[in-house]
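A short write-up of the structure that comes next.
Counting starts at 1 for both ligands and their atoms, in listed order.
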Amino acid sequence: MAILTDKVILTVAPTGAWPSKKDTPHIPLQPRDIADEVYACWNAGASVAHIHVRDDLDKSSMDFDKFKKTVEYIRASDCDIIINLTTSGQLGLADEARMKHIIALKPELASYDCGSMNWAHTTVFENSPMFLEKLGRVMQDNGIKPEIEIFDAGMVYNALYYLKKGILKAPLHFQFVLGAPGGMAATVENLVFLKSLIPVDSTWGALGIGSGHLPVMYTALAMGGHVRVGMEDNIYYSKGVLAKSNVDFIERTKRIVVDFNKHLATPNEARAILGLPIKN
Ligand code: ZN
């Protein structure tokens, strides 16, 4: 594994649950568009695609058929990108509606949001203890690696609790999501602190939402972490300038990674780093 320490896993999150076509006309929201964008990002260097879907009206959704179509389009191409499906694409759903798609489609990764929080001072982003136990077991039974999303420090301690209980298995993979409204801010200090809490054999990545995007990316790279870009987190390429495509973020990240004397991991190198089976 030591030979892979100069490899950086770049995740693209092209869609997310919130940005609309009014926010940016360039965001892909329906299966064909999402799959085409993932393909272009993979061509440009992304090794993981974190996928959300929308309903026919482009609203946040956990619609099974939309996930199925999107995943089928990606898998029908020659693109070997690691598929990471969200389990939190729509608030207020029953537990089963957040797991049906991963059981059926068996992505290599899926998000595991390790605690509840007040979202945007308007609603509750609910991840109850019962749900997290169920989700952890479903992921183990289906060979899906949890990407443990951390919005707040207490969520790390939840993960350590589930590790002890056997609901999560080492080595853990964390994604620090900083700058979400209601969670920890996207600052260098917060990332340094959060990273200090996780087991040493863990892998981890980080992202900053909005203007914290670049500071968090530089910090993550400096600390040996992996990175995520995309319109789920940030629709602006620079102040006041919308990204024309998720590929814009991939191209910039590739330049930054090279400046750090590192390289973007291929999907199979990312699989090796994450302990996932290699694909031919
Ligand atoms: Zn997401």
*Apply side chain to side chain donor-acceptor pair (under 3.5 Å) to His173 and list each qualifying residue two or more places apart in sequence or on a separate chain.*
Thr203

*Residues two or more places apart in sequence or in another chain: which of them pass side chain to side chain donor-acceptor pair (under 3.5 Å) with Lys165?*
Glu133

Any ion pair linking [Y] and [X] (charged N to carboxylate O, less than 4.0 Å)?
| X | Y | result |
| --- | --- | --- |
| Arg228 | Asp233 | yes |
| Asp80 | Lys279 | no |
| Asp36 | Arg32 | yes |

_Which residues share a salt bridge (charged side-chain N to carboxylate O under 4.0 Å, His left out) with Glu126, sequence neighbours left out_ = none

_Atoms (protein N, O or S; no water) under 2.8 Å from the Zn ion (ligand 1)_ = 3

